[in-house]
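Data first, discussion second: the structure below is written as structure tokens.
Atom set for the values below is all heavy atoms of this structure, side chains included, hydrogens, waters and symmetry mates excluded. Ligands are counted one by one from 1 in listed order, and the atoms in each one are counted from 1 as well.
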Amino acid sequence: MKELTRIVCDLPVPETEPQRQFYYMDIAKQYVHQLEGKKGRKLTFHVSTFGCQMNARDSEKLVGILENIGYVETDTEEADFVIYNTCTVRENANNKVYGRLGYLNGFKKKNRDMMIALCGCMMQEEKVVEKIKSSYRFVDLIFGTHNIYKFAELLVNALEADSMVVDVWDDTDKIVEDLPIERKYSFKSGVNIMFGCNNFCSYCIVPYVRGRERSREPRDIIREIEQLVADGVVEVMLLGQNVNSYGKNLEHPVTFAELLQEVEKIEGLERIRFMTSHPKDLSDELIEVLKHSKKICKHLHLPLQSGSSRLLKIMNRHYTKEQYLALVEKIRAAVPDIAITTDIIVGFPGETEEDFLETMDVVEQVRYDSAFTFIYSKRTGTPAAQMEEQVPEEIVKQRFERLLERVQTIAGEKAEKLTGSVEEVLIENINEQDSHLVTGRLSNNSVVHLPGTADMIGKLVLVRLTECKGFYYLGEVVE
Ligand code: SAH
Ligand code: SF4
Ligand code: F3S
């Protein structure tokens, strides 16, 4: 107990969610109030997010609860409450967290009431939690991906405890709706449509740290988006590890294409994006919906991982090079101006020069609008980690450079083609380098900088793309 008077509440603790969390938020508020009195000022918090869009959305849930109980956000980590929402998809994501924890300890020595919490995917790994328990004992709270909805309760536990509170679950079938969320942007928002992953690609740790696939009910998703729109949101990004298998496990199954059609009907919503589409589950029905939609953005992220059918099989991806290429052709035939982007892994165990050249060949044939390229990272517990023949680092590096060079050249050539055209742009923020400029996004997800003012943020405007700078455009509003 951090020199606080214990709050005793006469009411029974609710058994149901989210009522139980609101009960704990009330208790937390009283502790925060006590600490404010002691310090003579408001308490501050800082949330650091690593990893993907799901983690970014989860962090908005953490912020929602922290603000609800009276903490004020600050942009430095020298705060009264610091939480790292971690990622473990590749080893380097992991190492960053350990590096920064050292710094935090320095701040905690200066501020004895400071609390440090860790959550997210890394915490689902037993060996990580063991390491923190033994080497980073100044951490106050650890929880995982499955019980993030319990954050208010866990925070109260941590405030009342004398030692580190650890609560990590192996899996869950629960989805808790209607907890507070504080959005980072006023005009756009991520929306979870499903959690977890059942695909077990052989290199990937996500299914182990995010658990089995669970879809939200369509009515909950629609209701959330309607509320967001009422609150000023014009663009949503529907989030899932494999959105194309959305709805299969619901009591009344619904397809992703059907969900999209329902979302499209929401009045006031202007743009719909989604992430990520697994090629093996991308249906003809979805292509039809993309073709006829007025709101779905002209951008499809379609991870390739490798162009070698031999490796794709070992990766457990369930498609061949030829099937992938045929799919791209079918999508482009239906939606000619769609931007296609991808993820590619270089140096998967046993990757030969021939395998790598197959990947390069897909890159040449598809001509991606952009691609995230990753060096294979061995993740303990995944089947690929057991595979012999890890590719020597030097070779992987060379392949990575060759791939990156082609990916970037092609992306530049493709971007050049839109120069001179007029496109609809959602203005997102004031330019960080030059405050006379604003930055926005095209439907195809490209970025454009143009002269403008803060009142344009969140608005859709027509912009002429005057110059292509490779990864972005310069433009001007068309009157
Ligand atoms: N669910 C998404 C991807 C989530 S992870 C999908 O299936 O496409 C994001 C990307 O990280 C993956 O597409 C993959 O390219 C990369 N990745 C995953 N595990 C990796 C590993 N062990 N090493 C290197 N890159 C990896
Ligand atoms: Fe990982 Fe594959 Fe699931 Fe994507 S689909 S999260 S790459 S296991
Ligand atoms: Fe990382 Fe977890 Fe996302 S491992 S990529 S934060 S699902």
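- Geometric assessment of K96 against the ring of Y84 yields a negative cation-pi assignment under the 6.0 Å and 45° thresholds.
- Remark: K188 qualifies as a cation-pi partner of Y185 under the 6.0 Å distance and 45° angle criteria applied to the six-membered ring.
- In terms of protein heavy-atom proximity, atom 8 (O) of ligand 1 is nearest to P303 CG, 2.9 Å.
- Of all atoms in ligand 1, numbered sequentially from 1 with element shown, those under 4.0 Å from a heavy atom of Q305 are 8 (O), 12 (C), 13 (O), 14 (C), 15 (O).
- Look at M122 and you'll find every heavy atom at least 4.0 Å from all atoms of ligand 3.
- Atom 3 (Fe) of ligand 2 has an N, O or S atom of C197 under 2.8 Å away, backbone or side chain.
- Annotation: cation-pi pair R90/F374 present, NZ/CZ under 6.0 Å from the ring centroid and within 45° of its normal.
- The closest approach between M54 and ligand 3 stays at or above 4.0 Å for every heavy atom of the residue.
- Under 4.0 Å is where a charged nitrogen must lie from a carboxylate oxygen, and between R399 and E353 at least one such pair does.
- Inclusion of Q241 in the set of residues having an N or O under 3.5 Å from an N or O of ligand 1 is warranted.
- For the residue pair K280 and N199, a side-chain donor N or O sits within less than 3.5 Å of a side-chain acceptor on the partner.
- Below 4.0 Å from some heavy atom of Y376 lie the following atoms of ligand 1, by number and element: 23 (N), 24 (C).
- Ligand-side atoms of ligand 1 in range of R317: 7 (O), range being under 4.0 angstrom from any heavy atom.
- Judged by a 6.0 Å distance limit and a 45° cone about the ring axis, R210 is not positioned over the six-membered ring of F195.
- Ligand 1 is never approached by V206 to a heavy-atom distance shorter than 4.0 Å.
- Numbered from 1 in the order shown, with element, the atoms of ligand 3 that lie under 4.0 Å from a heavy atom of C52 read 3 (Fe), 5 (S), 6 (S), 7 (S).
- The contact set between ligand 3 and C121, taken as ligand atoms under 4.0 Å from a residue heavy atom, comprises 2 (Fe), 4 (S), 6 (S), 7 (S).
- There is a side-chain donor-acceptor pair under 3.5 Å between H301 and T341.
- Residues R317 and S202 bring no donor and acceptor atom of their side chains to less than 3.5 Å of each other.
- Checking H278 against atom 2 (Fe) of ligand 2, every N/O/S atom stays at or beyond the 2.8 Å cut-off.
- Residue-environment remark: CG (D170) stays at or below the threshold of 12 foreign heavy atoms within 6.0 Å.
- Residue R317 approaches ligand 2 through these ligand atoms, each under 4.0 Å from one of its heavy atoms: 2 (Fe), 7 (S).
- Each of the atoms 1 (Fe), 4 (S), 5 (S), 6 (S) of ligand 3 lies under 4.0 Å from some heavy atom of C87.
- Geometrically, ligand 1 and R379 share no nitrogen or oxygen pair separated by less than 3.5 Å.
- If you look at F200 next to ligand 2, the close heavy atoms, those under 4.0 Å, all belong to the backbone.
- Residue contact check: Q241 has heavy atoms under 4.0 Å from atoms 7 (S) of ligand 3.
- For S215 (side chain) and L250 (main-chain N/O), no donor-acceptor pair under 3.5 Å exists by modelled atom type.
- The line from NZ of K414 to CD1 of I340 is 7.0 Å long, rounded to the nearest 0.5 Å.
- At least one heavy atom of V89 sits closer than 4.0 Å to an atom of ligand 1.
- Using a 4.0 Å cut-off between heavy atoms, Y203 contacts ligand 1 through both its backbone and its side chain.
- Atoms of ligand 2 lying under 4.0 Å from any heavy atom of V206, numbered from 1 in the order shown and given with element: 6 (S).
- When M54, R210, R90 are checked for heavy-atom proximity to atom 26 (C) of ligand 1, R90 turns out nearest.
- Distances shorter than 4.0 angstrom do not occur between any heavy atom of I205 and any atom of ligand 1.
- The shortest side-chain heavy-atom distance between S309 and E322 falls under the 4.5 Å cut-off.
- The protein heavy-atom contact nearest to atom 6 (C) of ligand 1 is T276 CG2, 3.9 Å.
- Heavy atoms of P207 found under 4.0 angstrom from ligand 2 belong exclusively to the side chain.
- In terms of modelled atom types and a separation under 3.5 Å, the side chain of N444 and the main chain of H299 share no donor-acceptor contact.
- Of the listed options S377, C52, A93, S377 places a heavy atom closest to atom 22 (N) of ligand 1.
- The CG atom of L260 sits 7.5 Å away from the CG atom of L290 when rounded to the nearest 0.5 Å.
- Which parts of ligand 3 touch N55 is read off a 4.0 Å heavy-atom cut-off, strictly below it: atoms 6 (S).
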